[in-house]
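Read the structure below first, then the notes.
Note that ligands are numbered from 1 as they come in the structure, with each ligand's atoms numbered from 1 the same way.
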Amino acid sequence: MPRYRFAEPPARLITPKSVLLNRRSVMAGMGAAGLAAGLPRAGRADSLDAEPWPDSTDDTQTSYEVATGYNNFFEFGTSKEDPAEHAHRLETDPWSVEVSGHAHAPGEIGIEDILSDFDLEERVYRHRCVEAWSKVVPWIGFPLKDLLARFDPTSDAKYVEFETLYDPDQMPNQEGDDIDWPYREGLRMDEAMHPLTLLAVGMYGEVMPNQNGAPIRLVVPWKYGFKSIKSIVNIRLVSERPVSSWEARAPREYGFYANVNPEVRHPRWHQATERRLHDGGRIATEKFNGYGEEVAHLYEGMDLTENF
Ligand SMILES: Nc1nc2c(c(=O)[nH]1)N[C@H]1C(S)=C(S)[C@@H](COP(=O)(O)O)O[C@H]1N2
Ligand SMILES: [Mo]
């Protein structure tokens, strides 16, 4: 059992749907005004940050049992049940994350300091896997941009690269070649700085279960689940676009952007619908997983079929 715990109970940020809708129309107005005033579009995303983030979805939450019993965490095996069975082998305390590359103040931070220094919030996000299932999970975490700010990225930092722990003694499937280990992921800097992008350290009110990526993982709610890398030990600020593990393995199937998009099919299946794990029902998949109001501007002018 890890010794770390939350310094304070995370703020619960529940806002009724009506308030959210109202806020969205206010924001849309601000976006237009910002454009008219010649402000950079990024100002729009930043303005979302002034207020606590509301519940982003009114979907029924997935049960704790399903969210922690049906996982992808290939380091522990390739079946959905393997992580729950084997991830207890992962030693998450002590743990630290190294931030390196194009930063004025590169360095390392321990998990206890992460838990005490950043304002933890609960955010309910829909989480959609490229395999066309989805969960709705109350994550506990804080914006990635708050962590990056502490290490002071330089203007050469155009992308962020993430790496999971490599230790086959604890992660037995790293002996195999399902992935060119360690698991790697990447984001463009503006994606990394977006206030929806979380570093999650818990879920359902408790510290992160091992099978979900303890002690710290990424959650990027508008992208397919494989972007949300688990058990992070390295964060690198880089100038070139990193190649993520899935992209390296099958570049025709998994792109760098991996934005949820019902209009762009995976070569082996369509992406138009998804199976909700809480009831097995199928729903239509929404572009950007339903977070388009917040993130579509990041991809303005880009061909999302080419940049899938
Ligand atoms: N290190 C690592 N991170 C990972 C994975 C993995 O195999 N290894 N799987 C990804 C995939 S494909 C998905 S869908 C999500 C699953 O997260 P969950 O188990 O919390 O639902 O984790 C992502 N992060
Ligand atoms: Mo996934």
Taking only distance into account, with no hydrogens and no angle test, what donor-acceptor pairs under 3.5 Å do side-chain atoms of residues 152-162 form with protein atoms, sequence neighbours excluded?
| unit_1 | atom_1 | unit_2 | atom_2 | d |
| --- | --- | --- | --- | --- |
| T154 | OG1 | D156 | N | 3.2 |
| K158 | NZ | S155 | O | 2.9 |
| E161 | OE1 | R236 | NH1 | 3.3 |

Q: May I ask you to check whether F151 and H104 place their ring centres under 6.0 Å from each other?
A: no
(Q) When you measure from the centre of the six-membered ring of F73, is the NZ or CZ of K80 closer than 6.0 Å and no more than 45° off the axis? (A) no
Q: Before giving the answer on ring-ring contact (aromatic ring centres under 6.0 Å, His included), spell out for Y183 and F74 the whole-Å C-alpha distance, their side-chain angles and the decisive distance to 0.1 Å.
A: CA-CA 9 Å; Y183 195 100; F74 272 37; 8.0 Å; no
Q: For a side-chain contact (heavy atoms from CB on, under 4.5 Å) with K223, tell me which candidate from L187, V130, N289 qualifies.
A: L187
Q: Starting from atom 15 (C) of ligand 1, locate the nearest protein heavy atom and write down its residue, its atom name and how far away it is, to 0.1 Å.
A: G225 O, 3.6 Å
Q. Against heavy atoms of C129, which atoms of ligand 1 measure under 4.0 Å?
A. 14 (S)
Q | Closest protein heavy atom to atom 7 (O) of ligand 1, given as residue, atom name and distance to 0.1 Å | A | F74 N, 2.7 Å
Q. Quick one: which ligand 1 atoms are inside 4.0 Å of a heavy atom on K135?
A. 18 (P), 19 (O), 21 (O)
(Q) Starting from atom 22 (O) of ligand 1, what is the nearest protein heavy atom, named by residue and atom, and what distance separates them? (A) K230 CE, 3.4 Å
Q) When the ring centroid of F288 is compared with that of W222, is the distance short of 6.0 Å? A) no
Q) Out of W246, Y183, Y70, who gets a non-hydrogen atom closest to atom 4 (C) of ligand 1? A) Y183
Q.
Checking the N or O distance criterion of under 3.5 Å, is ligand 1 in contact with W133?
A. no
Q) Taking heavy atoms and a distance under 4.0 Å, where does E75 meet ligand 1: side chain, backbone, both or neither? A) side chain
(Q) Taking the basic N atoms (NZ, or NE/NH1/NH2) and the acidic carboxylate oxygens, is any pair closer than 4.0 Å for R150 and D117? (A) yes
Q. Is the closest heavy-atom distance from M203 to ligand 1 below 4.0 Å?
A. no
Q. At a 4.0 Å threshold, what atoms of ligand 1 neighbour a non-hydrogen atom of N72?
A. 5 (C), 9 (N), 11 (C), 12 (S), 13 (C), 14 (S), 16 (C), 19 (O), 22 (O)
**Q.** Per-atom contacts of ligand 1 with T164, taking only distances under 4.0 Å to non-hydrogen atoms
**A.** 1 (N)
Q. In terms of residue, atom name and distance, what is the protein heavy atom nearest to atom 20 (O) of ligand 1?
A. R217 NH1, 2.7 Å
Q: With heavy atoms of I229 as the reference, note each atom of ligand 1 found under 4.0 Å away.
A: 3 (N), 24 (N)
Q: Measure the distances from the heavy atoms of S228 to every atom of ligand 1 and state whether one is below 4.0 angstrom.
A: yes
(Q) Between the side chains of K135 and E274, is the shortest nitrogen-to-carboxylate-oxygen separation below 4.0 Å, so that they form an ion pair? (A) no
Name every donor-acceptor pair, under 3.5 Å, that has one atom in a side chain of residues 106-114 and the other anywhere in the protein, sequence neighbours excluded.
| unit_1 | atom_1 | unit_2 | atom_2 | d |
| --- | --- | --- | --- | --- |
| E108 | OE1 | S96 | OG | 3.4 |

